[in-house]
Every structure is written in C-alpha cells, then in structure tokens.
S.K.: 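Before I ask anything, let me first share the structure, which is written out below as structure tokens.
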Amino acid sequence: MSAPVMMITGASRGIGAATARAAAQAGYRTALLARSADAVRPLADELGPDSLPLACDVADWPAISEAVHRVEEHFGRLDVVFANAGQSLRTSFLGDGGADPSEWGSMVLANVAGPALTARAALPALTRSAGHLVLTGSNAGRGIRPGNLYSATKWAVTGMAQNIRAECVGTGVRVTLVQPGMVETGMTADRTGVPKLRAEDIAAAVLYAVGQPPTVDVNEIIVRPTGQQPAS
C-alpha cells in the first residue's frame, strides 16, 4: 500500500512548515501549498521527492480546486488536508489604530473563505479515502476580543468545522479543529514578554489527531502555552 498523502495550505512557514516536516517524518507524502511555489520549493527540496510544491491562493476557487486535482493526480490519493493558511491583522472598529479597513478584506477571505473553499475542494477526495480534514482555528475564536476582526474570523472557523463534521456523518471522513493559543510565528513577533508555543507544538497536535484509529474522531484540540490566560 502506498504511503498516505497530506496536503497543507500555508505551508511556507510557521505551523504549516512545521507540520510538513512532522508529517514527512511520520511517513506521509506531502503537498505543500502557498501563494507562490517558490516559497515552498526549499521545503519541498528538504523533504525530498515525495513532496510536491504548488502555488495556490486558497481564497480562489479555481486555484484551490485545481490544486486538489493535481495532488490527487500526482500521488494517486489524498488522505489528510490541513487547511492552515491564514492572515492576522490588528483592527479597531472605533478607528483607534490598527490596519486600515481597506486591508481587512484579504484577511477575511484568507481566514474564512480559504478554509471553506479548501474543504469544498478536498472533501470529495477525502470521502474516497475515508480521510481527515484538519482546520486551524484559534484560542481567539473562543472568546471576546475587543475590536478584533481576526478573532471573529476564527469564530467562523469554529462554526465551520462543526457544520462540516455534521455534513460528513456517514462518509468516514473525520474533522478536527486545532485551536492554538499564542504561537511564536511571524504573526506574533510584536507580542513580547508573553508565553508562546512553538510551531512544532501545533504540528504535534495535528499528527496526534490524524494518527488515531479510524473509529476515533478528535473533534477539537485546544493548545495553549503554559501560563497563557484563556482570553489573551
């Protein structure tokens, strides 16, 4: 039997890249998606010939559907999809600093439309393999964050995961929502003096979920660094 295949969006850095490395070490063949294939080609070279770099804007339906088609065609199967790509911006509805509202739309598209379209594109293939869909949510998607549109997009992902799981009942497809707390990535470089997880910590959570027997569906995983307040 051929090795299983994991497709990862937002694979060029942070959680996506760490998960790709952990998946390859666990025996997965990997498809690495980012807006630019050049951004993931060094990682694909590092992981070897069983890794496929692809350019894809996950908020673009033709692009993500074509990417899934290419992955299944190239590897002959698709077992796990990690819908991880996303963006973060500081926002204020009162206009008290943060990103200009003209920039908000790209974050909403990446964080909400992106995982939705990724799921829609991948679920037919995952149904054929009785596979696993993993979505990156956030601790910020579980509580109130004043003026925080990013938090609202992750609330949307929380509901999306539950709705997808309900529709997949009877298909054999499992759906896991991974909800990290503060992670040391480019998105949090300006947050100093607070506890942070490593990207590898979240990769370990993803591999834990997908490594369970087919009869076990790990619905949600919340991972926070030791000492982080739930609402921070």
S.K.: Suppose the criterion is side chain to side chain donor-acceptor pair (under 3.5 Å): which pairs have a residue in residues 126-136, not counting sequence neighbours?
M.R.: Glu72-Arg128, Asn84-Thr136, His132-Thr176

S.K.: Check side-chain hydrogen bond (donor to acceptor under 3.5 Å, both in side chains) between Ser106 and all other residues, then give those that pass, not counting sequence neighbours.
M.R.: Gln87

S.K.: For a quick test of reading the model, state the closest non-hydrogen atom pair linking Val58 to Ala110 and the distance between them.
M.R.: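 Scanning both residues, the minimum pair turns out to be CG2-O, 4.5 Å.
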
S.K.: Between Gln179 and Asn139, does a side-chain contact (heavy atoms from CB on, under 4.5 Å) hold up when you go through it step by step?
M.R.: CA-CA 5 Å; Gln179 301 171 95; Asn139 180 55; 5.6 Å; no

S.K.: Is a side-chain donor or acceptor of Asp79 paired with a backbone partner of Gly131 at a separation under 3.5 angstrom?
M.R.: no

S.K.: Out of curiosity, Arg77 CZ to Leu126 CG, how far, rounded to the nearest 0.5 Å?
M.R.: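 One gets 11.5 Å once the value is rounded to the nearest 0.5 Å.
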
S.K.: Who passes side-chain hydrogen bond (donor to acceptor under 3.5 Å, both in side chains) against Arg29, sequence neighbours left out?
M.R.: Ser2

S.K.: Does the side chain of Phe82 reach to within under 4.5 Å of the side chain of Val210, using non-hydrogen atoms?
M.R.: no

S.K.: For side-chain contact (heavy atoms from CB on, under 4.5 Å), just list the numbers for Val175 and Leu135, CA-CA rounded to whole Å, side-chain angles, deciding distance to a tenth of an Å, and then say yes or no.
M.R.: CA-CA 8 Å; Val175 179; Leu135 301 100; 3.8 Å; yes

S.K.: As an exercise, state the distance from CZ of Arg142 to CG of Leu177, rounded to the nearest 0.5 Å.
M.R.: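 Nearest 0.5 Å value for the CZ-CG distance: 8.5 Å.
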
S.K.: If you look at every heavy atom in Ala83 and Thr118, which pair is closest and at what distance?
M.R.: CB-CG2, 4.0 Å

S.K.: On a heavy-atom basis, which atom in Arg165 and which in Asn219 lie closest, and how many Å separate them?
M.R.: NH2-O, 2.9 Å

S.K.: Of all residues at least two apart in sequence or in a different chain, which pass the ring-ring contact (aromatic ring centres under 6.0 Å, His included) check with Phe93?
M.R.: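 Trp104.
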
S.K.: So, Thr30 side chain and Ala24 main chain: donor-acceptor pair closer than 3.5 Å or not?
M.R.: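 Between the backbone of Ala24 and the side chain of Thr30 there is no qualifying donor-acceptor contact (under 3.5 Å).
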
S.K.: Please enumerate all residues that pass side-chain hydrogen bond (donor to acceptor under 3.5 Å, both in side chains) together with Asp201, with sequence neighbours excluded.
M.R.: Arg198

S.K.: Taking side-chain contact (heavy atoms from CB on, under 4.5 Å) as the test, write out the residues that go with Val216, two or more places apart.
M.R.: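 Checked Val216 against side-chain contact (heavy atoms from CB on, under 4.5 Å); matches are Gln212, Pro213, Val218.
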
S.K.: Give me each pair satisfying salt bridge (charged side-chain N to carboxylate O under 4.0 Å, His left out) with a member in residues 16-25, each pair once, sequence neighbours excluded.
M.R.: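 Salt bridge (charged side-chain N to carboxylate O under 4.0 Å, His left out) check on residues 16-25 returns Arg21-Glu46.
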
S.K.: Tell me the closest heavy-atom pair linking Gly27 and Pro4, and the distance in Å.
M.R.: O-CD, 4.0 Å

S.K.: Do Glu167 and Asn163 have side chains that approach each other closer than 4.5 Å (heavy atoms only, starting at C-beta)?
M.R.: no

S.K.: Just jot down the side-chain contact (heavy atoms from CB on, under 4.5 Å) partners of Asp38, sequence neighbours excluded, or say none.
M.R.: Ser36, Arg41

S.K.: Linking I/L/V/M/F/W/Y whenever their side-chain heavy atoms sit closer than 4.5 Å, directly or via other members, would Ile222 and Val157 fall into one cluster?
M.R.: no

S.K.: Going through the distances and angles, do Cys168 and Leu123 end up as a side-chain contact (heavy atoms from CB on, under 4.5 Å)?
M.R.: CA-CA 9 Å; Cys168 286; Leu123 278 168; 3.8 Å; yes

S.K.: Are Ile164 and Val81 connected in the hydrophobic side-chain network, where two residues link if heavy atoms are under 4.5 Å apart?
M.R.: yes

S.K.: Side chain of Ser151, backbone of Ala140: donor and acceptor closer than 3.5 Å?
M.R.: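 A pair under 3.5 Å: yes.
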
S.K.: Let me confirm one number: the CG-OG1 distance from Leu149 to Thr153, rounded to the nearest 0.5 Å.
M.R.: 6.5 Å

S.K.: Please collect all salt bridge (charged side-chain N to carboxylate O under 4.0 Å, His left out) contacts where either partner lies in residues 146-160, sequence neighbours excluded, each pair once.
M.R.: none

S.K.: Is there a chain of hydrophobic side chains (I, L, V, M, F, W, Y, each step under 4.5 Å between heavy atoms) that links Ile15 to Ile221?
M.R.: yes

S.K.: Can you tell me which residue pairs pass the side chain to side chain donor-acceptor pair (under 3.5 Å) test with a partner in residues 62-71, sequence neighbours excluded?
M.R.: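 Sorted pair list comes back empty.
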
S.K.: Please report the shortest heavy-atom distance between Pro195 and Pro225, naming the atom on each side.
M.R.: O-CG, 3.4 Å

S.K.: Between Thr19 and Leu207, is the side-chain contact (heavy atoms from CB on, under 4.5 Å) condition met? List the steps.
M.R.: CA-CA 8 Å; Thr19 302; Leu207 269 292; 4.2 Å; yes

S.K.: For Ser102, which residues count as a side-chain hydrogen bond (donor to acceptor under 3.5 Å, both in side chains) partner, sequence neighbours excluded?
M.R.: Asp100

S.K.: So, using side-chain contact (heavy atoms from CB on, under 4.5 Å) as the criterion, who are the partners of Ala31 when residues are at least two apart?
M.R.: Met7, Leu33, Val71, Phe75

S.K.: Which atom names give the shortest non-hydrogen contact between Ala11 and Leu43, and what distance separates them?
M.R.: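 Shortest heavy-atom contact: O-CD2, 3.4 Å.
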
S.K.: Quick one, Cys56 and Thr9 - any side-chain contact, counting heavy atoms below 4.5 Å?
M.R.: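 No, side chains not in contact.
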
S.K.: Do Trp61 and Arg120 make a side-chain contact, defined as non-hydrogen atoms from C-beta onward lying under 4.5 Å apart?
M.R.: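 Sidechains of Arg120 and Trp61: in contact.
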
